[in-house]
There are 2 protein chains.
Amino acid sequence: MASKNREMPDPAFRPHDHSRCRRKVLAAASRHARDQGLRLTPVRRRVLEILLENHRAMGAYEVLERLAREGWGAQPPIAYRALDFLARHGFVHKVRRLNAYVACTRSTHSDPPLLLICRACGRVGEAEGAGISREIGAIAGARGFSVERLGVEALGLCPACAADGGAGA
Amino acid sequence: MASKNREMPDPAFRPHDHSRCRRKVLAAASRHARDQGLRLTPVRRRVLEILLENHRAMGAYEVLERLAREGWGAQPPIAYRALDFLARHGFVHKVRRLNAYVACTRSTHSDPPLLLICRACGRVGEAEGAGISREIGAIAGARGFSVERLGVEALGLCPACAADGGAGA
DNA sequence: GTAGTAATGTTATATTATAACTTGTAATAT
DNA sequence: ATATTACAAGTTATAATATAACATTACTAC
Ligand SMILES: [Zn+2]
Ligand SMILES: [Zn+2]
Ligand SMILES: [Zn+2]
Ligand SMILES: [Zn+2]
């Protein structure tokens, strides 16, 4: 577990074979969808692919523009519905600080992630938030509050941008 | 510290003398502003007062409507600027999940709070997030990511609404 | 194949937020 | 006291984000 963190660090912030990274995530998503009886339709899959082109978050209208150029519907609901579906089922995360969406790169689409947002290069990484979730649940529980959904977003500098002095990537 | 949690539970979710609650927070804010050389001007103070009327979050336009009715400017920047000022200095918190703002009721306006958002009654409580912040900082740090700003928001049911079966307050 | 259901396409509009510029106000310097 | 400056408030306009409501198409079950 602790060792897993060392062996599989978040790819977002380090050079890696991203074609492979992307294919793996996409394959896992397909599998997950099939197993869960979720309909990963062409638009939905295409939106996921678009988000997987890099580790940045994209706004709904940015996604929409891409879809429109590729011949899909050009109206907001097209993008929002696909993104909502993907987010509901954990294929993507909504980054509330950015009003944008990022593809989930973790193996499990279950518990809420800790999102790491680089303010310089815009890349978004994610860390397992299981331990944090438990702790937050406990703090809330001590106040009689039952947590149903949790969002944890950290804004800061990724390793590469920190090395640059925070000026940007 | 743990005892403080028992003695000073978040007021948002329990019956309390809210006039007193509000006055205390407002007085503390005035003091803080004076000490820090911050200009808590009439509009800014009024916005804080409005948010302090209850423990719910208000949207910028909701606040603006109130200001307008009271003779202040009726344009969005009036509200947004006051809210931005108050948020920058920790007098209020932006609740990103709701695109809304809630008055800070804690004694210190420094570290980031854990926001507890009741989906039934809309009230927003806050818990000290210092421990969580440290832990998140550590997890991020292990990935070379340096956290500058942190947002933690939990959506769920407050004690009162949980007793109601989650139907609403 | 028909009926029912879910997804997509389209139109219109609601909601949230900011840019850019003007006017007023209060502290500072001369 | 008056000029200078900096910051805040007011105004106009528009940008960016998101959803409601309804028409059409595609898939599923029978
Ligand atoms: Zn990758
Ligand atoms: Zn970066
Ligand atoms: Zn109160
Ligand atoms: Zn409640």
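The figures that follow rest on heavy atoms only: side chains count, while hydrogens, waters and symmetry mates do not. Here is the naming used below: chain letters follow the sequence lines, and residue numbers restart at 1 for every chain.
For A:H93 and A:E126, the side-chain atoms include at least one donor-acceptor pair closer than 3.5 Å. One side chain, B:S30 or B:R45, offers a donor N or O that lies under 3.5 Å from an acceptor on the other.
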Stepwise side-chain contact (heavy atoms from CB on, under 4.5 Å) test for A:L155 and A:R97: CA-CA 9 Å; A:L155 185 76; A:R97 180 176 285 269; 3.9 Å; yes
Audit row: A:R66, A:E53, salt bridge (Lys or Arg N to Asp or Glu O under 4.0 Å) steps and yes/no: CA-CA 12 Å; A:R66 291 287 306 273; A:E53 283 173 7; 2.9 Å; yes
Pair A:H55-A:F13, ring pair (Phe, Tyr, Trp, His ring centres under 6.0 Å): steps then yes or no: CA-CA 8 Å; A:H55 290 280; A:F13 298 134; 8.5 Å; no
Residues A:V102, A:L51; criterion side-chain contact (heavy atoms from CB on, under 4.5 Å); working and verdict: CA-CA 6 Å; A:V102 68; A:L51 288 177; over 6 Å; no
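Note: OH (B:Y80) to P (C:dA20) measures 18 Å, nearest angstrom. We find that CG of B:L64 is positioned 14 Å from C1' of C:dT18, with the value rounded to whole Å. Distance, B:W72 CH2 to D:dA9 P: 8 Å, rounded to whole Å. When rounded to the nearest whole Å, the span between CG of A:L83 and P of C:dA7 equals 15 Å. The separation between B:N99 atom CG and D:dA18 atom P is 7 Å, rounded to whole Å. The distance between atom CG of B:L67 and atom P of D:dA8, rounded to the nearest whole Å, is 17 Å. The interatomic distance linking A:M58 (CE) with D:dT17 (P) rounds to 12 Å, in whole Å. Remark: C1' of D:dT24 and CD of A:Q75 are 14 Å apart, rounded to the nearest angstrom.
Contacts of residues 30-41 of chain B with DNA chain D (heavy atom under 4.0 Å): B:R39, B:T41.
Residue A:P77 has its side chain nearest to C:dT11 when only C:dT11, C:dA17, D:dT17 are considered. Distance from the side chain of A:I78 is smallest for C:dT10 among the nucleotides C:dT10, D:dT17, D:dT12. When each of D:dT19, C:dT18, C:dT8 is scored by its nearest atom to the side-chain atoms of A:V43, the top-ranked nucleotide is C:dT8. Checked against C:dT10, D:dA8, C:dA17, the side chain of A:R81 finds its nearest nucleotide in C:dT10. Checked against C:dG9, D:dA18, C:dT16, the side chain of A:P76 finds its nearest nucleotide in D:dA18.
For the pair A:H18 (side chain) and A:H16 (backbone), a donor-acceptor distance under 3.5 Å is absent.
The residue B:Y61 sits close to a base: some heavy atom pair falls under 4.0 Å.
Close to C:dA17, at under 4.0 Å from its OP1 or OP2, lies a side-chain N or O of B:K94.
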